[in-house]
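One structure below.
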Amino acid sequence: MQDYVLWGGIFFAGFVILVLAIVFIVRKISKFPIIVNITKGKRRSACLLSLSFTALFFVILTLFMGMVTAAITVINILGIWLLADLINLIFGRKLKEETVFVTSLILTTIYLCICYFICVNVVETHYSVTTDKDIGSLRIVQFADSHLGTVFDGKELERYVEEINLLNPDVVVITGDFIDDNSTREDMVDGCAALSELETEYGVYFCFGNHDKGYSDDSHRGYTAEDFTEELKKNGVVVLQDECVLIDNRFYIVGRKDKSSESREDGRENIAELIAPLDSSKYIAVLDHQPTDYDNEASTAADLVLSGHTHGGQMFPMNYIALLMGVNDSAYGMEHRNGTDFIVTSGIADWEFIFKSGCISEYVVIDVLPC
C-alpha cells in the first residue's frame with residue numbers, strides 16, 4: 001500500500017509541476033520580442049502562439065521519447081531556466097530573455113545526455129562481507145531491475161551475461177523485476193534464454209519483484225506469470241517463492257515472495273517462520289526484492305539480504321523522498337544491522353525512462369570471506 005501511496009504522490013506532484021512548467025514557459029516565450037512583433041503586441045494572441053509552440057515541442061518529444069520522458073525534459077527545462085534566471089538577476093539582468101532561454105535548453109540537453117549515459121553505462125560494484133561461519137569463500141553476483149524492453153531488450157542481456165561470466169561467480173542471483181508490465185513475450189523469452197548462458201558453480205536463483213507478475217491483465221503482455229516462471233525453469237533458473245535451498249551443505253539461498261504478494265491471494269510468509277527451520281550454523285543469504293523488512297530480517301539468523309527495487313532513486317531527489325516517507329529502509333548501498341548485512345542495488349537498467357541521476361546502473365559482486 002505504501003508503494004502505491006509513494007508513486008501516486010510522485011505522479012501527482014510530477015503532473016502539478018509539469019503544468020506549472022508549461023505555464024511558466026508559455027508566459028516567458030510570449031514576452032519574446034519576435035512573438036510580440038508577430039502578434040502585434042496582443043497579449044492573448046502572444047500567449048496562444050507561445051502555447052502552440054510549447055505544445056508542439058511536447059508532442060514531438062512524446063512521439064520520439066515517450067510521454068514520461070517528455071514530461072521530465074520539460075520539468076528540467078523549468079528548473080534550469082529558473083536557475084539561469086536567478087543568476088541573470090544577480091548579475092543585473094545583463095542577458096536577454098531569449099539568451100537565457102537558449103542557454104537553459106542547451107544546459108538541459110547536456111544534463112539529460114549525462115543522465116542517459118549514466119543509465120545505459122552499466123558498471124560492476126564490489127562488496128566484501130565477512131562471516132565466522134564455516135563457509136570458506138563464496139562469490140555471489142547479483143543483478144535486479146532489468147525491466148526488459150526499457151533500456152535493453154532480451155537479446156542485449158547477453159552482453160551482461162558475458163561480462164558476469166568473466167567474474168567466475170559461484171552463484172548468480174536475480175532479485176526481481178527481470179521483466180516489466182510492458183515487456184513483450186519475445187523479450188521475456190530471449191531474456192530467459194540469455195540466463196541459460198550464465199556459467200556458475202552452483203546455479204542461478206530468482207525471486208519475483210513487483211513488476212514481474214504485472215499489474216494489468218495478462219492479455220496486455222500476451223503471457224502469464226506462470227509462463228514466465230516456466231521459461232525461467234526451462235533455462236535452468238531456480239525460482240524461489242518463499243522457499244529455501246541448501247547448497248553444497250555450506251549455505252542457503254532463501255527467496256522471498258515480493259512484498260506486493262501481501263495484498264494478493266497467495267500472500268507471503270513471515271521471514272522468521274521461513275528461516276526458523278534452517279541450520280543457523282550455515283550461511284543464509286536472503287533474496288527480497290523490496291528493501292522494506294530490515295528490522296524483521298535482522299532479527300533472524302539471516303547473514304545477508306539482497307534487494308533491488310529502488311533503482312537507487314532513479315532520479316534525484318526521489319531516493320530521499322522515499323526514505324523520508326518511510327517506504328524503503330534503504331535506497332542504495334550496504335549497511336549492517338544486528339549481525340545481518342543488507343545490500344540494495346540500483347539496478348542494471350531502469351523503469352519507464354532512460355535517465356539516472358544521483359545513482360548508477362550496475363550489477364553487484366559480493367565476496368563472502370571468512371573472518
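For the numbers below, each heavy atom of this structure counts, side chains included, while hydrogens, waters and symmetry mates do not.
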Please determine if [X] and [Y] form a salt bridge, counting it only when a charged side-chain N lies under 4.0 Å from a carboxylate O.
X	Y	result
Arg268	Asp288	yes
Lys28	Asp85	yes
Glu156	Arg159	no
Arg256	Asp293	yes
Arg139	Asp170	no

Indicate yes or no for a side-chain donor-acceptor contact from [X] to the backbone of [Y] under 3.5 Å, with no hydrogens or angles considered.
X	Y	answer
Tyr252	Asp279	yes
Asn338	Ala298	yes
Glu163	Val161	no
Thr54	Ser50	yes
Thr62	Phe58	yes
Ser183	Gly149	no
Asp153	Asp187	no

Indicate whether the side chain of [X] and that of [Y] have a donor and an acceptor atom separated by less than 3.5 Å.
X	Y	answer
Asp177	His289	yes
His309	Asn328	no
Glu362	Thr345	yes
Thr175	Gln142	yes
His147	Asp350	no
Asn296	Ser299	no

- Task: Answer yes or no: does atom OH of Tyr116 have more than 12 heavy-atom neighbours from other residues, nucleotides or ligands under 6.0 Å?
- Result: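 Not buried by this count: 12 neighbours or fewer within 6.0 Å.
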Could you tell me whether Phe342 and Tyr294 have their ring centroids closer than 6.0 angstrom?
->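 Yes.
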Do [X] and [Y] have side-chain heavy atoms sitting under 4.5 Å apart?
X	Y	value
Leu240	Phe206	no
Lys133	Asp303	yes
Asn235	Cys192	yes
Leu49	Ser30	no
Asp329	Arg337	yes

Self-check item: Aromatic ring pairing Trp351/His211, orientation class (parallel under 30°, perpendicular over 60°, tilted between)
Solution: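 Tilted, since the angle between the ring planes falls between 30° and 60°.
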Answer with yes or no whether the hydrophobic clustering places Leu232 together with Tyr205; edges join I, L, V, M, F, W, Y residues whose side-chain heavy atoms lie under 4.5 Å apart.
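No.
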With sequence neighbours excluded, residues passing side-chain contact (heavy atoms from CB on, under 4.5 Å) with His336: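 Result, side-chain contact (heavy atoms from CB on, under 4.5 Å) vs His336: Asp341.
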* Asked: Is Lys213 positioned over the aromatic face of Phe208, cation under 6.0 angstrom from the ring centre and no more than 45 degrees off axis?
  ->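 Checked: cation-pi criterion met.
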request  = Can you sort out the partners of Tyr202 under ring pair (Phe, Tyr, Trp, His ring centres under 6.0 Å), two or more places apart, ordered by chain and number?
outcome  =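 Tyr202: ring pair (Phe, Tyr, Trp, His ring centres under 6.0 Å) contacts with Phe251.
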